[in-house]
**Student:** 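Before anything else, here's the structure in question.
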Amino acid sequence: MPVRHRLLAVAVAVMWGANFTAIHASLEHFPPFFLVALRFAVIALPTLLLVPWPGVRVRWLVGYGLGFGTVQFLFLYWGMAVGMPAGLASLVLQASAPFTVVLGATLLRERLSGRQVLGILVAMGGLAVVGWYRAEVAQVLPFLLTLAGALGWAVGNICSRQAQPRNPLHLTLWMSVVPPLPMLVVSLAVEGPGAIGRSLATALTPAAVPALLGLAYTVLVGTVLGSGIWVWLMSRHPAAVVAPYSLLVPVAGMAVAWLALGERVAPTEALGGLVVITGVLLGSLGRRRPLPVSSRPTESAGAAELGGQAGPVEPAPEPAAGTTKGG
């Protein structure tokens, strides 16, 4: 993966890390299930009117919307609403990385190198260090709910990768059309119209300003910008290469939560964060091995395969982004 793509992956991790503090602010005013519906409805309405169809199969769009948009945020917002701290939520949700790697290997037959496996194990070891420390102050239910959200994220990763969109931002925006209706049904059934009505009736009061700012951040930065870049990367590189960068999210998440909410980062947590970064670098920054001259593809081959990744070579008969040997 080129250096500029790695930097984009790191930037998304920072955006998503700050997203948890923004979610915390929004949950101070809106019921969690209704907040998920509202978050995506804000994007879905202009998308239906202004954004061209992304040109992907409906099943992958729906799968991405249900996995990434619906399941992930249903359980994440629910977990945070019942006591999961923002910093710890940013940590636990990154279980999506190994979930994605496993799904990519089993469903897409993506090959894992020894370096990638070792990097994932090291990074997960860092997460375990932080999780072990934070588990002393967290309840079991919020942890399990957030873990379920991580699985939803992984399913969304695989579906977005299979979609192979020509315009990833269009896919991200159209994905937002999926969650609002099912989440509104869940909200009406669980939270009730009274709670929804009260949150809307007081939405323009001064007390609701932090919640509205948090909602704006999650919509514009967390969903449109961050998810758009992430889908773009997932469509061009194997899931096992891109997914480990999500392990940087808790480092940013705990830092922002410490600055904005006063959640302290203990030395043990800082050490775990360094181990996470080490694992990501180990698994994702390996040098490509050049192919022998006799086995290098010619200009007419359509795609060049280096280190198990395919990069487009003009002219290509179809998008070959993210394909792997034997995949």
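The first residue of the sequence shown is numbered 1, and numbering continues consecutively from there. Since this is a predicted model, take the numbers as computed values, not measurements.
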**Student:** Would you please test M15 and I229 for side chain to side chain contact (heavy atoms under 4.5 Å, CB included) and show each step?
**Tutor:** CA-CA 11 Å; M15 296 177 202; I229 296 174; 4.2 Å; yes
**Student:** Kindly compute the distance separating CG (L233) from CG (L8), expressed to the nearest 0.5 Å.
**Tutor:**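 L233 CG to L8 CG: 6.0 Å, rounded to 0.5 Å.
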**Student:** Just so I know, are the side chains of R161 and V242 near enough to count as touching, which here means a heavy-atom distance under 4.5 Å?
**Tutor:**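 The answer is no; the side chains never approach within 4.5 Å.
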**Student:** Quick one: closest heavy-atom pair of P210 and A25, and the distance?
**Tutor:**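 Where P210 meets A25 most closely, the heavy atoms are O-CB, 3.7 Å.
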**Student:** Under a 4.5 Å cut-off applied to non-hydrogen side-chain atoms, are E191 and P32 in contact?
**Tutor:**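 Heavy-atom side-chain distance check passes, below 4.5 Å.
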**Student:** When you measure from the side chain of S26 to the backbone N and O of A211, does any donor-acceptor pair fall under 3.5 Å?
**Tutor:**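 Yes, the answer is positive, given that a donor and an acceptor are paired below the 3.5 Å cut-off.
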**Student:** If two hydrophobic side chains count as joined below 4.5 Å and joins carry through other members, does V14 share a cluster with L213?
**Tutor:**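 No, V14 and L213 fall in different hydrophobic clusters.
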**Student:** Take V185 and F33, measure what side chain to side chain contact (heavy atoms under 4.5 Å, CB included) needs, and give me the verdict at the end.
**Tutor:** CA-CA 9 Å; V185 171; F33 300 150; over 6 Å; no
**Student:** Is W132 reachable from L271 through a run of hydrophobic residues whose side-chain heavy atoms are each under 4.5 Å from the next?
**Tutor:**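 L271 does not cluster with W132.
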**Student:** Among V177, L171, T172, V178, whose side-chain contact (heavy atoms from CB on, under 4.5 Å) with W174 holds?
**Tutor:**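 With W174 as partner, V177, L171, T172, V178 yield a single side-chain contact (heavy atoms from CB on, under 4.5 Å), made by V177.
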**Student:** Could you name each residue pair satisfying side chain to side chain donor-acceptor pair (under 3.5 Å) that touches residues 56-75, not counting sequence neighbours?
**Tutor:**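 Checked against side chain to side chain donor-acceptor pair (under 3.5 Å) - neighbours excluded - no pair reaches residues 56-75.
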**Student:** Any non-hydrogen side-chain atom of F20 less than 4.5 Å from a side-chain atom of L76?
**Tutor:**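 F20 vs L76: side chains touch.
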**Student:** Quick check: do Y245 and M1 have side-chain heavy atoms less than 4.5 Å from each other?
**Tutor:**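 Result yes, sub-4.5 Å side-chain heavy-atom pair found.
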**Student:** What distance do T106 atom OG1 and I158 atom CD1 have between them, rounded to the nearest 0.5 Å?
**Tutor:**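 One finds 7.5 Å between OG1 of T106 and CD1 of I158.
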**Student:** Are W53 and V58 side-chain neighbours, meaning at least one heavy-atom pair lies under 4.5 Å?
**Tutor:**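 They are in contact (side-chain heavy atoms under 4.5 Å apart), so the answer is yes.
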**Student:** Looking only at non-hydrogen atoms, find the nearest pair between A148 and F75 and report the distance.
**Tutor:**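 Where A148 meets F75 most closely, the heavy atoms are CB-CG, 3.8 Å.
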**Student:** Can N157 and T100 be counted as having a side-chain donor-acceptor contact under 3.5 angstrom?
**Tutor:**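 Yes, a side-chain donor-acceptor pair sits under 3.5 Å.
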**Student:** In terms of hydrophobic clusters joined by side-chain contacts under 4.5 Å, are L45 and F40 together?
**Tutor:**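 Unlinked, L45 and F40 end up in two clusters.
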**Student:** Does any N or O in the side chain of T278 come within less than 3.5 Å of the main-chain N or O of L274, such that one atom is a donor and the other an acceptor?
**Tutor:**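 Yes; at least one donor-acceptor contact below 3.5 Å.
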**Student:** Walk me through it: do L220 and L225 pass the test side chain to side chain contact (heavy atoms under 4.5 Å, CB included)?
**Tutor:** CA-CA 6 Å; L220 298 177; L225 183 59; over 6 Å; no
**Student:** Please work out whether the ring planes of Y77 and F73 are parallel, tilted or perpendicular, with thresholds of 30° and 60°.
**Tutor:**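 If you compare the ring of Y77 with that of F73, the planes turn out perpendicular.
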**Student:** Take the angle between the ring planes of F68 and W16 and call it parallel below 30°, perpendicular above 60°, tilted in between.
**Tutor:**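 The rings of F68 and W16 sit tilted, inter-plane angle from 30° to 60°.
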**Student:** Starting at NE2 of H170, measure out to OG1 of T47 and round the result to the nearest 0.5 Å.
**Tutor:**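 Reported value, rounded in 0.5 Å steps: 9.0 Å.
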**Student:** Roughly how far, to the nearest 0.5 Å, is CE of M183 from CG of L38?
**Tutor:**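 Here the interatomic distance stands at 11.5 Å.
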**Student:** Among the clusters formed by ILVMFWY side chains lying less than 4.5 Å apart, do F143 and V82 turn up in the same one?
**Tutor:**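 Same hydrophobic cluster.
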**Student:** Out of curiosity, M80 CE to L93 CG, how far, rounded to the nearest 0.5 Å?
**Tutor:**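 Spacing of CE (M80) from CG (L93) equals 10.0 Å.
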**Student:** Grab the two heavy atoms, one from G228 and one from P168, that are nearest each other, plus how far apart they are.
**Tutor:**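 Reported closest heavy-atom pair: O-CB, 3.8 Å.
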**Student:** When you compare the side chain of L173 with that of V224, does any pair of heavy atoms fall below 4.5 Å?
**Tutor:**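 They are in contact (side-chain heavy atoms under 4.5 Å apart), so the answer is yes.
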**Student:** Looking at every non-hydrogen atom in both residues, tell me the closest pair between R39 and T223 and how far apart they are.
**Tutor:**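 The answer is NH2-OG1, 2.8 Å.
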**Student:** Using a distance-only test with no angle check, is there a side-chain donor-acceptor pair under 3.5 angstrom linking W232 and N167?
**Tutor:**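 Result is no, nothing qualifies.
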**Student:** Under a single-linkage definition using a 4.5 Å side-chain heavy-atom cutoff for Ile, Leu, Val, Met, Phe, Trp and Tyr, are L200 and V186 assigned to the same hydrophobic cluster?
**Tutor:**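 Result: yes, single cluster for both.
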**Student:** As an exercise, state the distance from CE of M254 to OG1 of T21, rounded to the nearest 0.5 Å.
**Tutor:**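 Interatomic distance, M254 CE to T21 OG1, rounded to 0.5 Å: 11.5 Å.
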**Student:** For residues L261 and H24, determine if any side-chain heavy atom of one lies less than 4.5 Å from a side-chain heavy atom of the other.
**Tutor:**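 Result yes, sub-4.5 Å side-chain heavy-atom pair found.
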**Student:** Nearest heavy-atom pair of G79 and P142: which atoms, and what distance?
**Tutor:**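 Taking G79 first and P142 second, the nearest heavy atoms are O-CB, 3.7 Å.
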**Student:** Are L151 and S96 close enough that some pair of their side-chain heavy atoms sits under 4.5 Å apart?
**Tutor:**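 No, every pair of side-chain atoms sits at 4.5 Å or beyond.
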**Student:** So, for S176 and A44, which heavy atoms are closest and what is the spacing to 0.1 Å?
**Tutor:**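 Scanning both residues, the minimum pair turns out to be O-CB, 3.6 Å.
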**Student:** Write out all pairs satisfying side chain to side chain donor-acceptor pair (under 3.5 Å) with one or both partners inside residues 202-211, taking only residues at least two apart or from two chains.
**Tutor:**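 For residues 202-211, and leaving out neighbouring residues, the side chain to side chain donor-acceptor pair (under 3.5 Å) pairs sorted by first residue read H29-T202.
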